[in-house]
Amino acid sequence: MMNQGGKSIKVEPGVELFIQDIGHGVPIVFIPGWTFTTEVFHKQVEYFQKTNRVIVIDPRSHGRSSITMHGNDYATHGADLAKVMEALELKDVTLIGWSFGCLTMWEYIRQHGTQNIKSLVFIDLSAKPLSTNHEQDWVEGPLDEIAAAYNYYLRDSEKQREFISAYATGVMVQRTLEEGELSWIVEQSLKTPHYIAANLFASGMFSDYREEARLASEAVPTLTVIAEHWADTAKRFVEHHAPKSAIEVLGGHLMFWEHDEKFNQMLGQFMHAQNPAGA
């Protein structure tokens, strides 16, 4: 299913990124979250390829891209995104990042500003995922829990499997996952080896893109989609740090997969507002 439109783009010697590039029209680029792959967006590809050129990226060391021992950080992922956009000659792009994929977008903006960007969609991640004040700030969790995840769950692939399974059932979706669905989610994640997943986890957690979040929301139309379970805190945070961003609340962390019809409609309306003639 997902080989449709598949190709590889070389971002440096020995490192190729797998991308899916399908459809025609105004380009949309989807970037998956930590350890996830192009497959997670299959319902968006199916829907938007009818009206748009849809590009989905496996970041380095994810999915079908090269597994590499260097560059497993969001500064490099941002640079990789720029190289993909250049290779595909993309202009007026709607960039859509899920979870840590948002970090890649903010990093791209840190390095290149908002040139070539038409609009931005950030799915369910704080611009500063870690804080000593986890009661007030929008964070991924209390410091002790994040430390435990890094020091315990990312030490071998079996614990990584356990961690992703718990996250998938507890945070990602709101209904009970079927066994096949859960294994599909977990297997995607495990394509990134645990020692690389740990690197990316630390790089992401220690990020601070509050300045880029503000700049981005002021420069181009921006939408932030937040999961219901932390909506109040997240909304306050976004209103403060990216005041011009539109905000929508929907489902769990993987809402674009579980509630795809609602999500696709919401995304379509947001993009249509920027480009009434097209999508």
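Keep in mind that this is a model prediction, so the values were computed, not measured.
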Heavy-atom donor-acceptor pair, Asn52 side chain to Val26 backbone, under 3.5 Å: yes
Glu187/Arg161 under salt bridge (charged side-chain N to carboxylate O under 4.0 Å, His left out): CA gap, chis, key distance, verdict: CA-CA 8 Å; Glu187 291 316 314; Arg161 179 185 292 276; 3.0 Å; yes
Expected output: side-chain Ser119 to main-chain Thr94 donor-acceptor under 3.5 Å: no
Test applied, side-chain contact (heavy atoms from CB on, under 4.5 Å); reference residue, Ile9; option that passes from Ile19, Ile57, Val15: Ile19
Check: Gln111/Glu107 side-chain N/O donor and acceptor closer than 3.5 Å: yes
Any donor-acceptor N or O pair under 3.5 Å, side chains Thr37, Gln188: yes
Donor-acceptor contact below 3.5 Å, side chain Ser65 vs main chain Phe18: yes
Step-by-step salt bridge (charged side-chain N to carboxylate O under 4.0 Å, His left out) determination, Lys244 to Glu239: CA-CA 8 Å; Lys244 298 248 171 85; Glu239 283 166 354; over 6 Å; no
Pair Val139-Leu130, side-chain contact (heavy atoms from CB on, under 4.5 Å): steps then yes or no: CA-CA 5 Å; Val139 293; Leu130 208 52; 5.5 Å; no
Worked verdict on Thr68 versus Ser61 for side chain to side chain donor-acceptor pair (under 3.5 Å): CA-CA 6 Å; Thr68 166; Ser61 302; 5.4 Å; no
Passing candidate, ring pair (Phe, Tyr, Trp, His ring centres under 6.0 Å) with His42, options Tyr47, Trp184, Phe256: Trp184
Spacing of Ser245 atom OG and Leu223 atom CG [to the nearest 0.5 Å]: 6.0 Å
Stepwise side-chain contact (heavy atoms from CB on, under 4.5 Å) check, Leu254 with Glu258: CA-CA 6 Å; Leu254 196 59; Glu258 184 182 1; 5.7 Å; no
Salt-bridge contact Lys262-Glu248 (side-chain N to carboxylate O under 4.0 Å): no
Whether Tyr150 and Phe201 hold their rings parallel, tilted or perpendicular, with breakpoints at 30° and 60°: parallel
Close side-chain approach of Asp124 and Trp230, heavy atoms under 4.5 Å: yes
Please report, to 0.1 Å, the donor-acceptor pairs under 3.5 Å made by any side chain of residues 74-90, with sequence neighbours excluded.
{"from": "Thr76", "atom 1": "OG1", "to": "Asp73", "atom 2": "OD1", "distance (Å)": "2.8"}
{"from": "Thr76", "atom 1": "OG1", "to": "Asp73", "atom 2": "OD2", "distance (Å)": "3.3"}
{"from": "Asp80", "atom 1": "OD1", "to": "Arg60", "atom 2": "NH2", "distance (Å)": "3.1"}
{"from": "Asp80", "atom 1": "OD2", "to": "Arg60", "atom 2": "NE", "distance (Å)": "2.8"}
{"from": "Asp80", "atom 1": "OD2", "to": "Arg60", "atom 2": "NH2", "distance (Å)": "3.4"}
{"from": "Lys83", "atom 1": "NZ", "to": "Val11", "atom 2": "O", "distance (Å)": "3.1"}

Ring-ring centroid check Trp106 Phe122, cutoff 6.0 Å: yes
Presence of salt bridge, Glu16 and Lys7, under 4.0 angstrom: no
Reported CE-to-CE distance for the pair Met266 and Met255, which is rounded to 0.5 angstrom: 8.0 Å
Non-neighbouring partners of Gln44 that pass side chain to side chain donor-acceptor pair (under 3.5 Å), sequence neighbours left out: Asn264
Side chain Trp98, main chain His253, donor-acceptor under 3.5 Å: yes
Ring-face cation of Lys128 near Trp138 (centre distance under 6.0 Å, axis angle within 45°): no
Cys102 to Gly97 - nearest heavy-atom pair and separation: SG-O, 3.3 Å
Member of Ile247, Val121, Val249 meeting the side-chain contact (heavy atoms from CB on, under 4.5 Å) criterion with Val225: Val121
Stepwise side-chain contact (heavy atoms from CB on, under 4.5 Å) test for Leu190 and Gln160: CA-CA 7 Å; Leu190 291 178; Gln160 181 185 353; 3.4 Å; yes
N/O donor-acceptor pair under 3.5 Å between Ser203 side chain and Asn199 backbone: no
Axial cation check for Tyr152 ring with Lys159, 6.0 Å and 45° limits: yes
For Tyr108, all residues meeting side chain to side chain donor-acceptor pair (under 3.5 Å), sequence neighbours excluded: none
Atom of Ala216, atom of Ile109 and distance for their closest heavy-atom approach: CB-CD1, 3.8 Å
Reference residue Thr35; test side-chain contact (heavy atoms from CB on, under 4.5 Å); the match among Ile196, Thr192, Leu154: Thr192
Short side-chain to backbone donor-acceptor contact, Ser189 and Val186, under 3.5 Å: no
Under 3.5 Å donor-acceptor, Asp260 side chain and Lys43 backbone: no
Short side-chain donor-acceptor distance under 3.5 Å, Gln174 and His259: yes
